[in-house]
Each structure stands twice: as C-alpha cells, then as structure tokens.
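Notes follow once the structure below has been shown.
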Amino acid sequence: MRIAVARDEAFNFIYRANLDALKACAEVVCFSPLNDTALPACDLLYLPGGYPELFAAALEQNAAMREAIHDFAMQGGYIFAECGGMMYLTHHIEMDSISYAMCGVLPLECTMENAHLHLGYRKISADTQELKGHEFHYSEVREISSADLQVSRNLLSAKEKEMPTAVYRYKNVIAGYTHWYWAESGFEAFLKAFTSFA
C-alpha cells in the first residue's frame, strides 16, 4: 500500500505515533496542497488536520491541486480526512464574508462565521474495538446536498455523552472533525474497524 500524506503549513496536525504506524504498514509519501500541483501516485490519500482557514486564499489559488484531489475522489480514490483535511474537501470555506473555493468533493460548505470552540475527547465502538480521538475546531459545516452522502452520528464524549459530531462518507471518502489515534491498533486494523462504523 502507498499512502500520500498532506504535510505543509496548512496541514500539520498529525500524531507522530500515527505517522509511525502508517510507515509500519505502508510506503508513505508526503505532498503539499499549498505548493504542489499534482498528487503523488497512491492507494490512499490522508488529509490530516491543520489550519486551512489561515491559508484559504493560497489553497484556492492552487486550482491544479484542488482539481487533482477532486478527480481522485470522483474516480473512486480512497481518502481519509480529519478536521482541516475535511474542511479542504468541502465546496468552500466562508470567512470574513469571503468564500474561498476548496476541492468540492464533499457536498458540504464550511464556515468560520460566528465561530466558537468545539473541544473534547471522542470515541466510538466499531468492529469490537473502541476507537479514540479528540475534537478541536472553531468552524462548522453545513450539508448542501444529501445525495449519496452518508452521515453517522454515534460519537461519545469521554463521559459517555452523545455528541453531535458527524462522520461523513461519500463514495470512498471518509471524513470528520475528529482527530483519531490509531498508533496502538495499527492503521490497517483501525481503518477496517472505522470503515465498518462509517
């Protein structure tokens, strides 16, 4: 397996232990959505968290990369995206009354307007495993089309409280706000379990 990981100033939140777990099961290549114009050949694209809202204008300007990721998804490519990575897959990020075009993969729009903090540990039970992560973001997403978009809302807080946080599945794309931790189980086992949930 070959996994392409987005890593640059806009996408820089990734647990080092998670990255080590990726390298233990696959060849990992990194690329920059800000600066590169083509995706590296890969079996799976991983878009981790970060702060795409701070680089929204530059991400919008790199139309070649946005189109490459859109085409990869529409052709059935596998994508796993967390928080900032999910924001990048939406149709646009709205901020300061300006709308910045993103990849247009997920039928969602993202907004920083009236931003407030969403923070806490998250977990789900999937395929006999308990999967854990955390949520930390100010933005919100809105569905702009429900066609072919699967939405799961089974996440719990550390205190077993049901949370409104969603996991989205569209074609072979799985995305959500939660930053997941798979270093203990290994990425392949995590992805198998997570896919059964999503």
Side-chain angles (χ1 to χ4, degrees), residues 1-14 18-19 22 26-115 136-151 166-180 191 198:
M1 180 188 295
R2 195 168 198 249
I3 300 175
V5 180
R7 293 201 79 185
D8 58 19
E9 297 93 333
F11 302 96
N12 55 18
F13 185 92
I14 180 171
N18 274 1
L19 191 58
L22 290 182
E27 176 187 359
V28 173
V29 293
C30 295
F31 73 100
S32 170
L34 281 171
N35 303 309
D36 295 335
T37 56
L39 278 176
C42 64
D43 301 299
L44 184 144
L45 175 60
Y46 172 40
L47 301 173
Y51 297 93
E53 67 273 20
L54 300 181
F55 300 89
L59 290 168
E60 180 183 55
Q61 289 171 8
N62 192 352
M65 178 56 74
R66 291 190 292 108
E67 290 171 7
I69 291 175
H70 180 272
D71 291 347
F72 181 79
M74 294 304 109
Q75 292 166 10
Y78 290 86
I79 302 178
F80 187 73
E82 299 173 325
C83 202
M86 177 193 67
M87 293 167 65
Y88 184 49
L89 292 179
T90 65
H91 278 240
H92 61 262
I93 295 176
E94 182 183 31
M95 184 170 52
D96 299 327
S97 300
I98 301 173
S99 182
Y100 299 93
M102 294 292 113
C103 296
V105 171
L106 296 172
L108 303 170
E109 57 187 10
C110 181
T111 181
M112 297 297 299
E113 305 296 337
N114 303 313
F136 179 90
H137 61 94
Y138 288 89
S139 67
E140 294 185 356
V141 293
R142 298 185 293 257
E143 297 175 23
I144 56 177
S145 170
S146 59
D148 300 320
L149 180 68
Q150 299 174 43
V151 184
V167 175
Y168 300 100
R169 184 161 193 167
Y170 180 75
K171 297 184 180 292
N172 290 324
V173 179
I174 298 176
Y177 270 121
T178 307
H179 300 271
W180 296 101
L191 193 60

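Reckoned from all heavy atoms, side chains included, excluding hydrogens, waters and symmetry mates.
- The nearest pair of heavy atoms linking G76 to N172 is O-ND2, 2.7 Å.
- For the pair V173/L106, a side-chain contact is recorded, criterion being any heavy-atom separation below 4.5 Å from C-beta on.
- Counting only distance, with no hydrogens or angles, the side chain of D71 and the backbone of A68 share no donor-acceptor pair below 3.5 Å.
- Residues L108 and T90 come closest through the heavy atom pair O-CB, 3.3 Å.
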Listed pairs under 3.5 Å, donor-acceptor, residues 36-52 side chains, sequence neighbours left out:
{"from": "D36", "atom 1": "OD2", "to": "S32", "atom 2": "N", "distance (Å)": "2.8"}
{"from": "D43", "atom 1": "OD2", "to": "R2", "atom 2": "N", "distance (Å)": "2.7"}
{"from": "Y46", "atom 1": "OH", "to": "E82", "atom 2": "OE1", "distance (Å)": "2.7"}

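- Atom CE of residue M112 and atom CG of residue L54 lie 7.5 Å apart, to the nearest 0.5 angstrom.
- Between C83 and F136, the closest heavy-atom pair is SG-O, 3.7 Å.
- One finds the CG atom of L89 at 12.0 Å from the CZ atom of R66 (value rounded to the nearest 0.5 Å).
- Within the 4.5 Å cutoff, the side chain of L149 has heavy atoms near those of the Y168 side chain.
- More than 12 heavy atoms of other residues, nucleotides or ligands lie within 6.0 Å of CZ in F55, so this atom counts as buried by the packing criterion.
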Verify side-chain contact (heavy atoms from CB on, under 4.5 Å) between S139 and M87, making sure each step is shown before the conclusion. CA-CA 9 Å; S139 67; M87 293 167 65; 3.5 Å; yes

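- Note that the CG atom of D8 and the CZ atom of F31 stand 8.5 Å from one another [nearest 0.5 Å].
- For the pair E113 and D96, the tightest heavy-atom approach, listed with the atom from each and the gap, is OE2-N, 2.8 Å.
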Could you walk me through whether E143 and V151 pass the side-chain contact (heavy atoms from CB on, under 4.5 Å) test, one step at a time? CA-CA 10 Å; E143 297 175 23; V151 184; 3.5 Å; yes

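- Taking 4.5 Å as the limit, some side-chain heavy atom of M95 sits within range of a side-chain heavy atom of Y100.
- Put simply, the side chain of H91 does not reach to within 4.5 Å of the side chain of M102, judged on heavy atoms.
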With side-chain contact (heavy atoms from CB on, under 4.5 Å) as the criterion, how do L34 and N62 come out once you've worked through the C-alpha distance, each side chain's angles and the decisive distance to 0.1 Å? CA-CA 7 Å; L34 281 171; N62 192 352; 5.7 Å; no

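- Between the OG atom in S99 and the NE2 atom in H92 there is a gap of 4.0 Å [rounded to 0.5 Å].
- With contacts defined as side-chain heavy-atom distances shorter than 4.5 Å, the pair V141/M86 qualifies.
- E27 places none of its side-chain heavy atoms less than 4.5 Å from the side chain of I3.
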Taking it one step at a time, do D148 and Y170 satisfy side-chain contact (heavy atoms from CB on, under 4.5 Å)? CA-CA 6 Å; D148 300 320; Y170 180 75; 3.8 Å; yes

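- Using a 4.5 Å heavy-atom threshold, the side chains of V5 and V29 count as separate.
- When all heavy atoms are compared, the tightest approach of A101 to E60 is N-OE2, 2.9 Å.
- Between A10 and L59, the shortest heavy-atom distance links the atoms CB-CD1, 4.4 Å.
- Under the ring pair (Phe, Tyr, Trp, His ring centres under 6.0 Å) criterion, H179 pairs with F13, H134, sequence neighbours left out.
- The distance from the CD1 atom of I93 to the CD atom of E109 is 12.0 Å, given to the nearest 0.5 Å.
- Proximity of Y88 to I69: side-chain heavy atoms (C-beta onward) are separated by under 4.5 Å at one or more points.
- Aromatic ring pairs are classed by plane angle as parallel below 30°, tilted from 30° to 60° and perpendicular above 60°; the pair H137 and Y177 is parallel.
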